[in-house]
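Sequence lines set the chain letters: A, B, ... in the order given, protein chains first and strands last, and positions in each chain run from 1.
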Protein chains: 4
Amino acid sequence: MAPKTKEQLEEIRKASRKVIMEAALELFGTRGYDGTSIEAIARKAGVAKGLIYNYFRSKEELLEQVVFEGFREFEPVIEQLLEIGDPRERLRQFIEISAQLIVEKERFYRLYTSTLLTIHTRKRLQKHIAEYFDRMLAELEKTLAEMGIEHPEVEAYTLSSLFDGLGLDYMIFGAENFPLRQIVENILKKYGLEDREAPDGSTSGNHISRANAERFNGNNTEPRIQTQQRGTP
Amino acid sequence: MAPKTKEQLEEIRKASRKVIMEAALELFGTRGYDGTSIEAIARKAGVAKGLIYNYFRSKEELLEQVVFEGFREFEPVIEQLLEIGDPRERLRQFIEISAQLIVEKERFYRLYTSTLLTIHTRKRLQKHIAEYFDRMLAELEKTLAEMGIEHPEVEAYTLSSLFDGLGLDYMIFGAENFPLRQIVENILKKYGLEDREAPDGSTSGNHISRANAERFNGNNTEPRIQTQQRGTP
Amino acid sequence: MAPKTKEQLEEIRKASRKVIMEAALELFGTRGYDGTSIEAIARKAGVAKGLIYNYFRSKEELLEQVVFEGFREFEPVIEQLLEIGDPRERLRQFIEISAQLIVEKERFYRLYTSTLLTIHTRKRLQKHIAEYFDRMLAELEKTLAEMGIEHPEVEAYTLSSLFDGLGLDYMIFGAENFPLRQIVENILKKYGLEDREAPDGSTSGNHISRANAERFNGNNTEPRIQTQQRGTP
Amino acid sequence: MAPKTKEQLEEIRKASRKVIMEAALELFGTRGYDGTSIEAIARKAGVAKGLIYNYFRSKEELLEQVVFEGFREFEPVIEQLLEIGDPRERLRQFIEISAQLIVEKERFYRLYTSTLLTIHTRKRLQKHIAEYFDRMLAELEKTLAEMGIEHPEVEAYTLSSLFDGLGLDYMIFGAENFPLRQIVENILKKYGLEDREAPDGSTSGNHISRANAERFNGNNTEPRIQTQQRGTP
DNA sequence: GATGAATGAGTGTTCATTCAT
DNA sequence: GATGAATGAACACTCATTCAT
């Protein structure tokens, strides 16, 4: 019961902030910003509603912070990527890591995508994400140019969109129903990049022969919707 | 003195329904379902709030109807597509038409994408969209198989995701800042499909040399945010 | 299609008015005034919403007219009752007829009772019902006085309240579960009035041995609520 | 700086809950359930509309809680009553207490009666009230049987209805215009039960010679409606 | 006489935010 | 730092009433 030291307080602050942001990431991602209440975030985080306002000025700021933090976590990965000298290896890593992030940061991807859709109403987020995009596209273009690929800018946009689409469909189909690993290998092959090892073994065993109708049903336990099945070769 | 005839009423109902669905499509797409109020839809449609409930039982049903209607408009295009005998031409048309739809049905695409993100909570929509996906993927796979492409199923998923991603980025970047036409031509080239003519000339002149920082600013008239520019080669 | 004569129009008006008031009586009685919408009344009456406003200035006026009409139907019965010379026979008839009205005018009774409860907010109805009450109580008191009963005014109030209570409980328990006929005979006996014949045979065969828990369940077909049963002797 | 203690919070919650239920009791009783808005309850309770939903999940639940609470307050009185060994004294007390409750719990009686009228749509309330009714009727019947009264079940129903009717008329006429005390004494006399002392002297001095026309005007301060007076003998 | 599309105030309910403790 | 009761604006939805035909 002795008064806490500054360091202890700082620890506490950090921990509380973290637990709130975790809950917010989860809920904003799955239910959308407007579909998530502060009450729900507080409940999931196990804190009182009022506490959230000790750390964030508003719900909007909480969203921003969660998104910013998500990008911040990408930083070291990207830095590392850019240090790779060989452009072919750099592209291979870029593709592998992008796929890996889709799997490992699914909650962030979901939030990021849904944020994109309403971004015109969120100025600060808009700026932040624009800068990130700019940078990624520029680096990607440079890499592709170094590899001697024609129209490297167009190709950069294409790859970038492809991964945005893969993230979207991966979320919608669910991990079990979307052949992400095979797609990635297919992409690598197109660029003539051998896939030496799958960085995440958990997705590489995907079978894509399941009825697609099941893929939307995600984790929920209710009886799956039956739609006409298509034959799988 | 007589009450309105059945035809007059039918006419009136159709028009009102239309104007409400138009407003809903626009707003659901740009602000999301939860971010759009019935009040706002009514205001945009120029009708009283209560009238919406003469035509739709609930906000949720309005969303469904707007989405269903959007898919319904695709039907004839898809039918026509499937009648093409030559698989190469069929794929070419598939790619062209998909791109065209991104441009011409931007509002629907926006709604469709944002709906996907929270789809697990909307059973009827889920079923509808799952069936659509199934069908598209199956046809695409068949086409690719006929063309002798390896792993046609993986390729079908890849193409499908690519177009989902293109739709997403096209919306985010804005038509003027996203080189959709060039990307499409690039895709066609990869499949060895010559682009005989662009079906929509309005987008083919895109220059992609503009500062990307501007691309997020879309149509809004507020002063554009300045971010660091990247060099264009 | 020849233009209708004045008499025909008058017929039509009367019929429409009637059908609306019937529907209103039913719904106001079972769901309460505030629980009943004009829409619902129109639907039950099989007419358009707007038509109701051709005959009644407002929902409130419709309520009034329905209540007034209900009292009006009592008039001839009461007139006839008051013409009976013998006070004993007059009381017997009063009791019998009151019970009969509970059964035959259940819908009106329901409406009348629920109206009583919120009567302080309905001035015109208040006046009307007060006059009716005054008159009934006065006549009842006179009858009881003629019979030589002590405290005829108190007795009149008591009898009046008893029948209000019987009406209430009859509605709540439901015809099948409330031994109205036996109660009436019991009352008659107390006043030394032999019950020569039951005016409504349909209720006289009541068995009161059913579990009381069932009596609230009325006509609905859902599984009945189980409450502890009490033994019936 | 510390958060409020559990005890303080409990205190606050209890007080708020109480003030809301008080207001609801008053308004539901006088205006009916559908005629009472949450807004009105909040205003009368002196709290914000939203607060009500901190304590009750819905308007319907608020109604239930108010009714349940009303019955709960009867419990000890009934318990005490049932412990009386002498059936004559028990009946006397039953009658006295019933009358007393009409006076002291007028607001609850009003609510209870108006609830009865629409009870078929409220399952939980229905069950609760059915059980209460069952119990009262069973005990009343037992008491009457012990007293050697003929047809005790019919008599129990009769007495029960009588008090329902007295409650109804007491509310409608208003305390000053309804000779409840005299009626009770009249009832007691019929069962040969001497009224040793009136438990509530305030009503015993009622004069019933006032113009009945006034009796509906209750407490409201608006100019009273004049209806024809009837002579008092 | 009769219709039903249209209106907008009002309803029950939710929720971001504040604040006393 | 942390709590949760309290607020009130905003929401989805309902409904009495109007009116052109």
Side-chain angles (χ1 to χ4, degrees), chain A residues 3-4 8-13 15-16 34 36-42 47-60 62, chain B residues 1-6 8-9 11-13 15-17 34 36-42 47-60 62, chain C residues 3-4 8-13 15-16 34 36-42 47-60 62, chain D residues 1-6 8-9 11-13 15-17 34 36-42 47-60 62:
Chain A
K4 301 194 182 60
Q8 281 175 317
L9 280 178
E10 188 58 27
E11 280 305 304
I12 290 170
R13 283 191 65 83
S16 288
D34 289 304
T36 301
S37 70
I38 289 283
E39 171 81 38
I41 294 170
V47 301
K49 242 185 318 175
L51 190 64
I52 294 177
Y53 289 85
N54 275 13
Y55 296 98
F56 306 95
R57 290 232 276 269
S58 67
K59 189 186 176 186
E60 180 97 21
L62 172 55
Chain B
M1 296 295 184
K4 297 194 189 65
T5 65
K6 282 249 168 66
Q8 282 174 309
L9 284 176
E11 206 62 27
I12 289 169
R13 287 188 66 82
S16 289
R17 205 183 145 86
D34 288 308
T36 302
S37 72
I38 287 286
E39 171 80 40
I41 294 170
V47 301
K49 221 178 354 162
L51 189 65
I52 293 176
Y53 291 87
N54 273 14
Y55 295 95
F56 306 93
R57 282 218 270 273
S58 65
K59 189 185 175 187
E60 180 100 20
L62 173 55
Chain C
K4 301 194 182 62
Q8 281 175 314
L9 279 178
E10 188 57 28
E11 280 306 304
I12 290 171
R13 283 191 64 83
S16 288
D34 289 303
T36 302
S37 70
I38 289 285
E39 170 81 39
I41 294 170
V47 301
K49 241 184 320 175
L51 190 63
I52 293 177
Y53 290 85
N54 275 13
Y55 296 98
F56 307 94
R57 291 232 274 269
S58 67
K59 190 186 176 186
E60 180 97 20
L62 173 55
Chain D
M1 296 295 181
K4 297 194 190 67
T5 66
K6 283 248 165 69
Q8 282 174 310
L9 285 176
E11 206 63 26
I12 290 170
R13 285 188 68 82
S16 289
R17 205 183 144 86
D34 288 308
T36 302
S37 71
I38 287 285
E39 171 80 40
I41 294 170
V47 301
K49 223 177 351 161
L51 189 63
I52 293 176
Y53 291 86
N54 272 13
Y55 294 95
F56 306 94
R57 282 218 269 273
S58 66
K59 188 185 178 188
E60 180 101 19
L62 173 55

Engineer: With nearest nucleotides of DNA chain E determined for Y55(C) and Y55(B) from heavy-atom distances, which residue corresponds to the more 5′ nucleotide?
Structural biologist: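 Upstream on the strand: Y55(C).
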Engineer: Over how many whole Å does the gap from K6(B) atom NZ to dA2(E) atom P extend?
Structural biologist: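 My rounded result for the distance is 17 Å.
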Engineer: Looking at dG1(E), I'd like to know if its phosphate oxygens (OP1 or OP2) sit under 4.0 Å from a side-chain N or O belonging to S16(C).
Structural biologist: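 Answer no for this pair, as no side-chain N or O of S16(C) is under 4.0 Å from OP1 or OP2.
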Engineer: What distance separates R17(B) CZ from L62(B) CG, expressed to the nearest 0.5 Å?
Structural biologist: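 Reported to 0.5 Å precision, the distance equals 9.0 Å.
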Engineer: Identify, with sequence neighbours excluded, every residue that meets salt bridge (charged side-chain N to carboxylate O under 4.0 Å, His left out) alongside E11(A).
Structural biologist: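 Per chain and number, E11(A) pairs via salt bridge (charged side-chain N to carboxylate O under 4.0 Å, His left out) with no residue.
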Engineer: For Q8(B), enumerate each residue passing the side-chain hydrogen bond (donor to acceptor under 3.5 Å, both in side chains) test, keeping only those at least two apart in sequence or located in another chain.
Structural biologist: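 With neighbours one apart ignored, the set is T5(B).
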Engineer: Side chain to side chain contact (heavy atoms under 4.5 Å, CB included) with Y53(A): which residues, sequence neighbours excluded?
Structural biologist: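 By the side chain to side chain contact (heavy atoms under 4.5 Å, CB included) rule, Y53(A) matches I38(A).
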Engineer: Would you kindly give the CZ-to-P distance between R13(B) and dA5(E), to the nearest whole Å?
Structural biologist: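 Whole-Å distance recorded here is 5 Å.
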Engineer: According to side chain to side chain contact (heavy atoms under 4.5 Å, CB included), who are the partners of S16(C), at least two apart in sequence or on a separate chain?
Structural biologist: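 I12(C), L51(C), Y55(C).
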Engineer: Treat a base pair as Watson-Crick or G-U wobble with both distances under 3.5 Å, then lay out DNA chain E in dot-bracket form, 5' to 3', with | for cross-strand pairs.
Structural biologist: .||||||||||||||||||||
Engineer: Partners of E39(A) by salt bridge (charged side-chain N to carboxylate O under 4.0 Å, His left out), sequence neighbours excluded?
Structural biologist: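 Counting only residues at least two positions away or on another chain, E39(A) forms a salt bridge (charged side-chain N to carboxylate O under 4.0 Å, His left out) with R43(A), K49(A).
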Engineer: Which atom pair, heavy atoms only, marks the closest approach of A42(C) to A48(C)?
Structural biologist: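 In this case the closest contact between A42(C) and A48(C) is CB-C, 4.0 Å.
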Engineer: Can you measure Q8(C) atom CD to dG1(E) atom P for me and round it to whole angstrom units?
Structural biologist: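 So the two atoms are 14 Å apart, to the nearest Å.
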Engineer: Determine, for nucleotides 7-14 of chain E in 5'-to-3' order, which nucleotides have protein heavy atoms under 4.0 Å from the base (write B), from only the sugar-phosphate (write S), or from neither (write -).
Structural biologist: BBBBSSBB
Engineer: For the side chain of L9(A), starting at C-beta, report the closest nucleotide among dA5(F), dG1(F), dG1(E).
Structural biologist: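 Within the option list, the nearest is dG1(F).
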